[in-house]
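The basis for the numbers below is simple: all heavy atoms, side chains too, and nothing from hydrogens, waters or symmetry mates. The shown structure was predicted, so the numbers you read here are calculated from the model rather than taken from an experiment.
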Amino acid sequence: MFGCYAILIAACALGCGLNAGVFFAFSTFVMQGLTRLAPSEGINAMKAINVTAVTPIFMTLLFGTGVLCAVAIIAAVWPWNQANSAAVMFGGVMYLSGAIITTMMRNVPLNGSLARLAPGDPSSASVWNSYVRDWTKWNHLRTFNCAGAMVLFIFALWQQAKL
């Protein structure tokens with residue numbers, strides 16, 4: 001059982017880390033780069049990014065990691081006798097709430113609103129500024145939670161190795 005459980009935890013750590021990297025890139029330079037463009041250009045560029053982000057590889061990474069985290073939570077709490085159960089459970093919850101729920105409840109609706117925005121509309125510049133501010137704020141949360149979940153899964157592996 002140690003082998004399968006450890007592989008599951010390692011896969012969760014890897015998925016969380018990869019997602020943290022994607023979100024980190026957007027928070028630290030992609031969104032800032034888009035704001036250097038004219039609002040209509042930034043809007044069009046972000047619309048193109050949002051369309052191309054929905055690829056099988058990224059969706060598998062984002063939601064597949066969510067499935068792995070859900071399985072890891074179940075494996076950690078049933079039975080609750082692992083030295084690392086708390087770290088696995090909190091890592092899984094952190095990823096699911098911070099990456100999946102935040103994406104679906106915050107970032108995706110913002111992207112939907114942006115998709116309906118006409119870049120030439122007179123109000124598009126103010127809408128774009130609000131979008132960038134709000135989207136990036138929620139993306140910071142996704143970055144933090146993915147990185148935090150990765151740390152908790154690595155800690156859980158370290159705890160597992162001590163047994």
Side-chain angles (χ1 to χ4, degrees), residues 9-74 76-77 86-157:
I9 296 169
C12 289
L14 178 62
C16 291
L18 289 170
N19 280 295
V22 170
F23 297 144
F24 179 80
F26 271 85
S27 282
T28 58
F29 60 86
V30 172
M31 295 306 287
Q32 290 176 22
L34 292 176
T35 62
R36 291 177 177 242
L37 301 171
S40 63
E41 293 172 354
I43 291 165
N44 284 330
M46 190 64 183
K47 283 181 175 185
I49 289 168
N50 288 338
V51 169
T52 59
V54 185
T55 62
I57 193 162
F58 181 63
M59 293 297 104
T60 300
L61 175 64
L62 180 65
F63 293 106
T65 300
V67 169
L68 290 175
C69 287
V71 171
I73 290 169
I74 293 166
V77 299
V88 171
M89 184 190 72
F90 287 122
V93 168
M94 194 171 201
Y95 181 83
L96 290 171
S97 63
I100 303 300
I101 292 174
T102 299
T103 295
M104 300 309 296
M105 300 299 292
R106 300 296 182 188
N107 295 88
V108 169
L110 287 167
N111 292 343
S113 295
L114 187 71
R116 293 184 295 278
L117 180 64
D121 187 285
S123 66
S124 65
S126 65
V127 173
W128 170 244
N129 290 333
S130 295
Y131 170 87
V132 169
R133 182 194 64 235
D134 295 342
W135 192 95
T136 304
K137 172 184 67 174
W138 292 112
N139 195 64
H140 289 336
L141 179 67
R142 296 191 301 178
T143 304
F144 174 80
N145 279 321
C146 289
M150 178 193 66
V151 168
L152 286 168
F153 285 121
I154 291 170
F155 177 75
L157 282 173

Side chains of L96 and I101: does their closest heavy-atom pair fall under 4.5 Å? no

Under the 3.5 angstrom rule, does the side chain of N44 hit a backbone N or O of S40 as a donor-acceptor pair? yes

Expected output: side-chain K137 to main-chain V132 donor-acceptor under 3.5 Å: no

Nearest 0.5 angstrom please: I43 CD1 to D121 CG, how far? 8.5 Å

Answer yes or no: are there more than 12 heavy-atom neighbours, outside F63 itself, under 6.0 Å from its atom CZ? yes

Rounded to the nearest 0.5 Å, how far does CZ of R116 lie from NZ of K47? 10.0 Å

Donor-acceptor check, side chain of T136 to backbone of R133, threshold 3.5 angstrom: yes or no? no

How far does SG of C146 sit from CG of L18, to the nearest 0.5 angstrom? 10.0 Å

Give me the atom names and distance for the closest heavy-atom approach of F153 to G92. CZ-N, 3.4 Å

Over 12 foreign heavy atoms within 6.0 Å of CE, M59: yes

If we only count heavy atoms from C-beta on, is the F26 to R142 side-chain gap below 4.5 Å? no

Identify the heavy atoms of V88 and A156 that sit nearest to each other, and give their distance. CG2-CB, 3.5 Å

Compare all side-chain heavy atoms of P39 with those of S126 and state whether any distance is below 4.5 angstrom. no

Smallest separation among heavy atoms of F58 and V22, with atom names: CE1-CG1, 3.9 Å

I'd like to know whether N145 forms a side-chain contact (heavy atoms from CB on, under 4.5 Å) with L141, so could you lay out the CA-CA distance, the side-chain angles of the two residues, the decisive distance to 0.1 Å, and finally the verdict. CA-CA 6 Å; N145 279 321; L141 179 67; 3.4 Å; yes

Under 3.5 Å: donor-acceptor pair, side chain of T103, backbone of V108: no

Distance-minimising heavy-atom pair for A149 and G91: CB-O, 3.2 Å

Is the backbone N or O of Q32 less than 3.5 Å from a side-chain atom of T35, with the two atoms forming a donor-acceptor pair by type? yes

Working to the nearest 0.5 Å, report the span between OG1 of T102 and CZ of F23. 9.0 Å

Which heavy atom in A11 sits nearest to a heavy atom in L68, and how many Å separate them? CB-CD1, 3.8 Å

Nearest 0.5 Å, please: how far is CG in L62 from CD1 in I100? 4.0 Å

Using a 3.5 Å distance criterion without hydrogens, assess whether the side chain of N50 forms a donor-acceptor pair with backbone atoms of N111. no

Tell me, do M150 and I154 make a side-chain contact under 4.5 Å, heavy atoms counted? yes

For residues 55-67, which residue pairs qualify under side chain to side chain donor-acceptor pair (under 3.5 Å), counting only residues two or more places apart or in two chains? none

Starting at CH2 of W128, measure out to CH2 of W135 and round the result to the nearest 0.5 Å. 9.5 Å

Quick check: closest heavy atoms across T143 and S27, and the distance to 0.1 Å? OG1-OG, 3.7 Å

